[in-house]
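Each ligand, and each atom within it, is numbered from 1 in the order the structure gives.
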Amino acid sequence: MRMSKLFVQTLREFPADAEVVSHKFLVKAGFIRKLTSGVYNYLPLMWRVLKKIENITREEMDKAGAQELLMPFVQPKELWEESGRWEVYGKELMRLKDRHNREMCLGPTHEEIITAIARDGLKSYKQLPVNLYQIQSKFRDEVRPRFGLLRGREFIMKDAYSFATSQEELDKEYDNMAQAYKNIFNRCGLPTKMVQSDSGAIGGSVSHEFMVITDTDAGENDVFYCECDYSANSNHAVSKLPEAVVDGASCGITEKKVLDTPQTHSIEALCEFLNVPASLICKCLVYIADSKPVLALIRGDKQIEETKLMNAVGAIEIRIATAEEIEELMNSKGFNAAKGFIGPKGMDDITIVADETIKALKNFVVGINEEDKHLVGASLEDFRIDKYEDIRLVEAGEFCPVCGKPLKVTKGIEVGNIFQLGTKYSKPMNAVYLDQNGKAQPYIMGCYGIGISRTAAAAVEAHYDDWGIKWPVAIAPYHVIVVPVSTNDNQQMSVAEDIYNQLNNAGIEVVIDDRNERPGVKFKDADLIGFPYRITVGKTIVDGKVELVTRESGEKVEMTPDEAVNKVIEYIKAALLF
Ligand code: ATP
Ligand code: MG
């Protein structure tokens, strides 16, 4: 490819709406252009990268025994009604109607469609287990599309679905996919950590995520991990309970009484006013779970993990209540209290979930739904609690549930995940096979996703410097750029063309920068776009020397043109050989 013909426009500036490195560089270097919020054009350089990630994924999935197919992007409502998800999926599902007023949606994922395909084609235990996958565009009307390709509305996903006749068979395929995922990300030059995670609205019980560990803002997940093998997404992480009982007696509170606590809307203000530690306060928070209020209780020095709370009450969506919703709730119960004075007392017919830390409280402090008042010296018998669950956000320094050492925290970008679905879809959709005894049984399913476009962006997050992207060889749009410093110099041009031809003939993906531009411009573009290798043909060619530059390390070595060609071929072959 000749740079003069390559469809790429690099920009001088970063785009104004870009917050993270991958978004900034992918736009500046001419890989993507925004079409509308969360929707991007993949320009030729980007498409080459995406196809490489797709092909690595395809090769490893095929090697693992999965079979590729392609399902439509538009899906009919009827199948979503069969699974029960049409009602519950929420606003991320982009719904539309055709000219006959038939309701459809843009596929955010394909469980319903694949389950219907299996139901039609997999009728006997003799055909199982099977794993089917596709690489397809998805559409999710994300609340906050951001970070370019990391969280788009339209994006490319590899999604696989397995069908088995037993839990053992599913376990085996789950492990098989975990290994395939490790291979895929390693081949992409992107080391990942496999962490335990919540299985969320998709259901099922066991799931893991593959995280690219990063210290940048692009990491939307907190990952807790330990020296031992334990690691989990914060939505699933657990820590050992603090062992000590927290008793108000240690601050002289032994008697139950209602105290005036004016203006103590926050835990800090209340602690200061009463001169007690935050751990002695039973914090009460109102959440809206699937449009119903629930009350969550937790020790004053701990935070609620919303996904854990959502699972504890069996909801699909959850959020903290607004001041207006709290007021409405108080009015409906005949109380008069704002945030800071809410309590479990008298909250008949409202679900009350307490974190396990509450169990260890004695003579504690709690709101009683009266403005400017708190109950001190309270005990757990003073009010109703529907259930105790772990709804706590783990903090770094708390102790590992497996080995007891302090947990550490880091940020991660989720590039893939694997779920055990069990019969969540096969049962309601009556997707069955006949077992050895001729009895109909629902398939035991698993599903396995990789964000292809997110993986490309994550690779940039993991490989860049101030000047631009440093693509890993396996997914770089091109391997090498040959830069003649002066296009007016016949010797430089003829050597550069010769190197270009030799590399092309050897099957190396090479670009020659034949533009009549200043060398500074050419070098800048080469670094920005992120070619793994650059061969510069400049003045030293009179001594028979060119320069080979490695983008990753910045190393520059002078050598003869032949040596440069051979070295590059050697490096690329070594990087691509698996
Ligand atoms: P997230 O928690 O980041 O929203 P998810 O749990 O919704 O992800 P899945 O439904 O399991 O993701 O999708 C499988 C993979 O698709 C994810 O691991 C991720 O790599 C990718 N993915 C999900 N949502 C997006 C998005 N909005 N933009 C780009 N890639 C995405
Ligand atoms: Mg999501």
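- In this structure, of E220, E414, R151, the residue bringing a heavy atom nearest to atom 3 (O) of ligand 1 is R151.
- To the nearest 0.5 angstrom, Q75 atom CD is 9.0 Å from E111 atom CD.
- Remark: side-chain polar atoms of H208 are not paired, donor with acceptor, to backbone N or O of A178 under 3.5 angstrom.
- At least one heavy atom of N417 sits less than 4.0 Å from an atom of ligand 1.
- Distances between N or O atoms of M157 and those of ligand 1 include no value under 3.5 Å.
- Judged purely by atom type and a 3.5 angstrom limit, D386 uses its side chain to pair as donor or acceptor with the backbone of I352.
- Which parts of ligand 1 touch L149 is read off a 4.0 Å heavy-atom cut-off, strictly below it: atoms 29 (C).
- Note on R144 versus E220: no salt bridge recorded, every NZ/NE/NH1/NH2 to OD/OE distance being 4.0 Å or above.
- For ligand 1, the atoms closer than 4.0 angstrom to any heavy atom of E142 are 24 (N), 26 (C), 27 (N).
- Side-chain contact of Q179 with D175: a donor-acceptor pair under 3.5 Å is absent, judged by distance alone.
- Short contacts between ligand 1 and G416, defined as distances under 4.0 Å to a heavy atom of the residue, involve ligand atoms 18 (O).
- The proximity of R454 to ligand 1, defined as any non-hydrogen pair under 4.0 Å, is limited to the side chain.
- Counting heavy atoms closer than 4.0 Å to ligand 1, residue D159 contributes nothing at all.
- Within the 4.0 Å heavy-atom criterion, the part of R140 lying near ligand 1 is the side chain and not the backbone.
- In terms of polar-atom proximity, G451 is counted as a contact of ligand 1, with an N or O under 3.5 Å from an N or O of the ligand.
- A salt bridge links D465 with R551: the closest approach of a Lys/Arg side-chain nitrogen to an acidic carboxylate oxygen falls below 4.0 angstrom.
- Annotation: salt bridge (charged side-chain N to carboxylate O under 4.0 Å, His left out) contacts of K158 (sequence neighbours excluded): none.
- Salt bridge status for K411 with E461: absent, with no side-chain N to carboxylate O gap under 4.0 Å.
- Remark: side-chain polar atoms of E169 are paired, donor with acceptor, to backbone N or O of T165 under 3.5 angstrom.
- Contact annotation: for E209 versus ligand 1, there are no heavy atoms closer than 4.0 Å.
- The contact set between ligand 1 and V415, taken as ligand atoms under 4.0 Å from a residue heavy atom, comprises 18 (O), 20 (O).
- Ligand 1 lies within reach of G152, whose nearest heavy atom is under 4.0 Å from it.
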